[in-house]
Amino acid sequence: MTQSPTNRPRRSAPPMPLPDHVALLLQGGGALGSFQAGVYEKLQDLAIEVDWVAGISIGAVNAAIIAGNPPERRMEMLNRFWEKVSGGMPNLWIPENDHIREAAHLAAAGAVAMFGVPGFFRPHMIPNALMPKGTAGAISYYDTTPLIATLDTLIDWDLLNDGPVRISVGAVDVESGNFAYFDNRGPDGISRSNMRIDARHIMASGALPPGLPPVEIDGRHYWDGGLVSNTPLSHVLDHQHGDMLVFQVDLFPAEGPMPKQMTDVWSRQKDIQYSSRTRQVTDQYLRLRREHKAIRAVLNHLPAEMCDDPEVQQVRALLDDGAVNIVHLIYRSRAWEGGARDFEFSRPTMLDHWAQGREAVEGVMHKGDLIARNILDGTSAAFDLDQPNHLKEKQA
């Protein structure tokens with residue numbers, strides 16, 4: 001990807017003190033996933049080392065490329081993936097005019113719907129109505145076979161499963177409706193999982209119906225995890241060990257303007273459906289932390305003879321240990337983008353999303369001293385760059 005600045009020298013030290021763990025959480029969003037690649041590229045520029053990546057759908061693909069490559073090759077492989085999937089249309093110069101950009105945007109999305117995406121998915125040659133019942137061709141519009149070769153080429157599966165980076169990807173069981181996480185770590189977050197993650201698990205996380213077929217793993221069939229929750233935030237917070245800094249990358253903003261036309265309705269509907277109420281999860285977590293803080297204060301005032309009481313010890317064991325600081329990095333749609341933005345894979349749009357990902361991290365790090373203070377003090381909080389140069393903080 002010629003416009004991606006991957007050759008600049010890396011910083012030798014991060015711009016802030018880092019806690020025990022740094023997690024990168026990647027939401028689903030199809031073509032918008034190049035925003036996540038830009039985020040990771042900027043974090044790597046700043047020498048902020050990630051040791052846990054968790055993703056849904058396209059976020060699972062990006063997560064697997066990161067976890068399945070050594071640090072010095074991750075950007076090369078992310079570049080190769082996004083170059084490949086955006087290679088179906090020429091990289092034409094488009095005037096900076098919203099009406100022209102919107103027309104080009106819709107035309108590119110239409111081309112994807114008709115012809116598919118290189119290295120990702122392609123239309124079934126036979127209409128699904130003519131396919132035998134129960135086959136992949138009967139219950140989906142596209143064939144995802146090309147993605148197997150793409151993932152196998154870009155990812156070292158042994159490194160992904162046995163390497164230093166924890167990876168968690170989510171999918172939903174088609175028959176039970178239950179959410180499942182495929183994780184290369186055990187419940188303690190340290191030991192290796194008995195599961196061996198491969199291309200099937202990543203594809204299952206992104207098998208969005210009715211376009212893409214379910215993926216079979218050990219006799220069960222899975223669809224896109226975004227049907228239940230489009231962010232892995234709850235999974236990461238439920239399995240936290242030690243102090244943690246979380247970069248939560250959202251591709252669909254929860255807040256947005258009132259629609260004015262039908263294309264706006266389609267766009268806003270997707271925002272609400274797939275934002276997964278990230279702020280609600282964060283608010284609930286911070287409220288729980290405040291409650292734990294109050295309970296801990298009461299326990300600390302108990303007489304010494306009561307501290308060894310089994311019931312007191314049981315209550316103390318329920319309290320969360322370790323601080324968590326959550327940084328929200330949210331993609332903001334351009335005026336010319338509509339409801340088709342998650343399957344518009346043109347090269348100019350992909351590059352624009354990538355650049356915005358870098359800019360989002362730069363905006364947060366401009367106020368990184370606030371995050372650094374919390375890390376040093378052991379305080380839990382959530383941060384949201386709700387407008388340029390304004391980092392909103394909500395403490396536990």
Side-chain angles (χ1 to χ4, degrees), residues 1-4 26-41 55-65 75 77-94 100-124 140-151 153-154 199 202-203 205-213 224 226 230 249 251-252 263 266-267 270-271 274 331-334 336-358:
M1 190 175 63
T2 56
Q3 295 186 35
S4 175
L26 305 175
Q27 201 181 61
L32 299 173
S34 55
F35 176 84
Q36 299 169 344
V39 165
Y40 181 74
E41 181 177 53
I56 305 291
S57 197
I58 196 65
V61 174
N62 285 327
I65 294 173
M75 289 316 308
M77 295 305 175
L78 284 170
N79 271 289
R80 285 175 59 181
F81 174 77
W82 286 102
E83 283 183 343
K84 189 175 188 68
V85 298
S86 65
M89 285 158 279
N91 186 12
L92 301 176
W93 176 81
I94 301 175
I100 296 176
R101 288 298 300 267
E102 183 178 10
H105 173 68
L106 292 174
V112 167
M114 185 173 296
F115 302 111
V117 174
F120 200 155
F121 59 85
R122 61 196 175 204
H124 291 301
S140 64
Y141 296 119
Y142 299 96
D143 173 18
T144 52
T145 302
L147 185 56
I148 300 174
T150 298
L151 295 175
T153 299
L154 299 176
I202 309 305
M203 294 170 66
S205 182
L208 183 64
L212 307 185
D224 192 309
N230 202 33
V249 187
L251 300 179
F252 295 93
T263 54
W266 185 22
S267 176
K270 283 191 173 183
D271 285 344
Y274 292 119
Y331 176 73
R332 308 293 182 181
S333 301
R334 302 294 195 189
W336 44 267
E337 288 184 298
R341 64 188 182 276
D342 55 331
F343 60 92
E344 198 269 82
F345 282 84
S346 71
R347 184 66 56 83
T349 302
M350 183 274 288
L351 291 170
D352 183 66
H353 294 158
W354 191 298
Q356 287 188 70
R358 290 184 56 87

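For the numbers below, each heavy atom of this structure counts, side chains included, while hydrogens, waters and symmetry mates do not.
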Considering all heavy atoms of both residues, which atom of Pro118 and which atom of Gly87 are nearest to each other, and what is their separation? CG-C, 4.2 Å
To the nearest 0.5 Å, what is the distance between CG (Leu251) and CG (Asp271)? 10.5 Å
Between Tyr331 and His353, is the ring centroid distance below 6.0 Å? yes
Any donor-acceptor N or O pair under 3.5 Å, side chains Ser34, Gln36: no
Within the 3.5 Å criterion, strictly below it, is a donor on Asn62 or Trp82 matched to an acceptor on the partner's side chain? yes
Val112 to Phe345 - nearest heavy-atom pair and separation: CG2-N, 4.1 Å
For a quick test of reading the model, state the closest non-hydrogen atom pair linking Asn230 to Gln27 and the distance between them. O-CG, 2.6 Å
Could you list the residues that satisfy side-chain hydrogen bond (donor to acceptor under 3.5 Å, both in side chains) with Thr153, not counting sequence neighbours? none
With sequence neighbours excluded, tell me which residues meet side-chain hydrogen bond (donor to acceptor under 3.5 Å, both in side chains) with Thr144. none
Grab the two heavy atoms, one from Ile56 and one from Gly226, that are nearest each other, plus how far apart they are. CG2-N, 3.4 Å
Hey, what do you get for OH (Tyr142) to CZ (Phe115), rounding to the nearest 0.5 Å? 10.5 Å
Test: side chain to side chain donor-acceptor pair (under 3.5 Å). Region: residues 107-118. Which pairs qualify, not counting sequence neighbours? none
Taking all heavy atoms of Ser86 and all of Met350, pick out the closest pair and write down the distance. OG-CE, 3.4 Å
I'd like to check Ser267 versus Arg341 (side-chain heavy atoms, cut-off strictly below 4.5 Å). Are they in contact? yes
Any side-chain heavy atom of Gln356 within less than 4.5 Å of one from Arg334? yes
Give a yes or no on whether the backbone of Ala355 and the side-chain of Arg358 come within a donor-acceptor separation of less than 3.5 Å. no
To the nearest 0.5 Å, atom NE2 of His124 lies from atom CG of Asp143 at 5.5 Å
Can you tell me how the ring of His105 sits relative to the ring of Trp336, calling it parallel under 30°, perpendicular over 60° and tilted otherwise? perpendicular
As a quick check of understanding, evaluate side chain to side chain contact (heavy atoms under 4.5 Å, CB included) for Phe121 and Leu147, giving each step before the final call. CA-CA 7 Å; Phe121 59 85; Leu147 185 56; over 6 Å; no
Carefully, step by step, assess Arg347 and Asp352 under the rule salt bridge (charged side-chain N to carboxylate O under 4.0 Å, His left out). CA-CA 9 Å; Arg347 184 66 56 83; Asp352 183 66; over 6 Å; no
Do Leu154 and Arg80 come close enough that some side-chain heavy atom pair is under 4.5 Å? yes
For a 4.5 angstrom cut-off between non-hydrogen side-chain atoms, does Leu32 reach Ile58? no
Phe120 side chain reached by Thr150 side chain, heavy atoms, under 4.5 Å: no
Minimum-distance pair of heavy atoms, taken over all atoms of Ala63 and Gly55: CB-N, 4.5 Å
Rounded to the nearest 0.5 Å, what separation is found between the CG atom of Asn79 and the NZ atom of Lys84? 14.5 Å
With heavy-atom distances below 4.5 Å as the criterion, would you say the side chains of Ile148 and Met203 are in contact? yes
If you define the side chain from C-beta out and look only at heavy atoms, does anything of Ser205 sit under 4.5 Å from Ile202? no
For Asp224, which residues count as a side-chain hydrogen bond (donor to acceptor under 3.5 Å, both in side chains) partner, sequence neighbours excluded? Ser57
Parallel, tilted or perpendicular, as decided by the 30° and 60° cut-offs, for the rings of Trp266 and Phe343: tilted
Please name all residues satisfying salt bridge (charged side-chain N to carboxylate O under 4.0 Å, His left out) with Lys270, sequence neighbours left out, ordered by chain then number. Asp342
Excluding sequence neighbours, so at least two apart, what forms side-chain hydrogen bond (donor to acceptor under 3.5 Å, both in side chains) with Tyr40? Gln44, Arg74
4.5 Å side-chain heavy-atom contact, Met114 and Pro123: no
